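I have placed the structure first, in the form of structure tokens, so that the comments after it can refer back to it.
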Amino acid sequence: AQSVTQLGSHVSVSEGALVLLRCNYSSSVPPYLFWYVQYPNQGLQLLLKYTSAATLVKGINGFEAEFKKSETSFHLTKPSAHMSDAAEYFCAVAHTGANSKLTFGKGITLSVRP
Amino acid sequence: DSGVTQTPKHLITATGQRVTLRCSPRSGDLSVYWYQQSLDQGLQFLIQYYNGEERAKGNILERFSAQQFPDLHSELNLSSLELGDSALYFCASSGLAGVQETQYFGPGTRLLVL
């Protein structure tokens, strides 16, 4: 069964610093991977998705993620954090076959210090 | 704005009661998913409908049921409510039901059971 692991529950960075949020996946077949962001009191918004077209995926708001099969990772990065990036970030894997549900990681809360 | 609407935004009810949550998918989307977000369980898939038919079931309790109507809106019915059912319930929609499809999330319904 497909699953994702997000280690740590909270990451704090200074404004302008690199953002790195880790996600490792487990899948017996080539996975479809997603990063979603949830701002306080809002729904989930798609940042980017990997569907095997390219290993480096660019998303919205300056975020990108690199699919590394050898490391079973799909870490999310942003070169320079902005205060507005403070939110909760979820990595998710889509299941194959008839069931296309998403399985989410536990989420990581990103804080950005002035 | 994802284009997915959910009503009501907030719901406060008592144990033992029954509530109905409503979701309208994005225009043209055929697939609807329901997810539950709670502090202890995180984001969990409940059920998926595609063009009116149940497509997949996740960790959905027998007290919960859902349906998708001919106009493609969906309702999630929660009965015999317990304190532990307090959570944020999200609806998501996608065009089709494939694994590569992006799921667009609504703003959620926050349910509080007292």
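These numbers were taken from a predicted model, which means no experiment stands behind them. Letters A, B, ... mirror the listed sequences (proteins, then strands); counts begin at 1.
With a 4.5 Å cut-off on side-chain heavy atoms, B/R110 and A/N41 count as touching. A/Q38 has its side chain within reach of B/L88: a pair of non-hydrogen atoms, C-beta onward, lies under 4.5 Å apart. No side-chain heavy atom of A/Y36 sits less than 4.5 Å from a side-chain heavy atom of B/L43.
Both B/F45 and B/F105 are assigned to one and the same hydrophobic cluster, defined by single-linkage of ILVMFWY side chains at heavy-atom distances under 4.5 Å. Hydrophobic clustering keeps B/L21 apart from B/Y104 (ILVMFWY residues linked when any side-chain heavy atoms are closer than 4.5 Å, directly or through intermediates). Both A/Y25 and A/Y89 sit in one connected hydrophobic cluster of ILVMFWY residues. Membership requires side-chain heavy atoms under 4.5 Å apart, directly or through other members. Following chains of ILVMFWY side-chain contacts shorter than 4.5 Å, one can reach A/L48 starting from A/Y39, so the two form part of one hydrophobic cluster. Taken together through direct or relayed side-chain contacts under 4.5 Å among Ile, Leu, Val, Met, Phe, Trp and Tyr, B/L61 and B/L11 form part of one hydrophobic cluster.
With rounding to the nearest 0.5 angstrom, the CZ atom of A/F104 is 9.0 Å from the CD atom of B/Q37. Considering OH of A/Y32 and OG1 of B/T102, their distance stands at 12.0 Å, rounded to 0.5 Å. Atom NZ of A/K101 and atom CD of B/Q44 lie 8.5 Å apart (nearest 0.5 Å).
Residue A/Y50 does not touch chain B at all, counting heavy-atom pairs closer than 4.5 Å. Using a 4.5 Å cut-off between heavy atoms, A/K106 makes no contact with chain B at all. Proximity to chain B (any heavy atom under 4.5 Å) is shown, for A/L44, by both the backbone and the side chain.
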For residues 62-71 of chain A, please give each side-chain donor-acceptor pair under 3.5 Å, one per line with the distance, not counting sequence neighbours.
{"from": "A/E64", "atom 1": "OE1", "to": "A/K58", "atom 2": "NZ", "distance (Å)": "2.8"}

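Of all residues spanning residues 63-85 of chain B, none has a heavy atom less than 4.5 Å away from chain A's heavy atoms.
Using a distance-only test at 3.5 Å, with no hydrogens or angles considered, a donor-acceptor pair links the side chain of B/Y35 to the main chain of A/L102.
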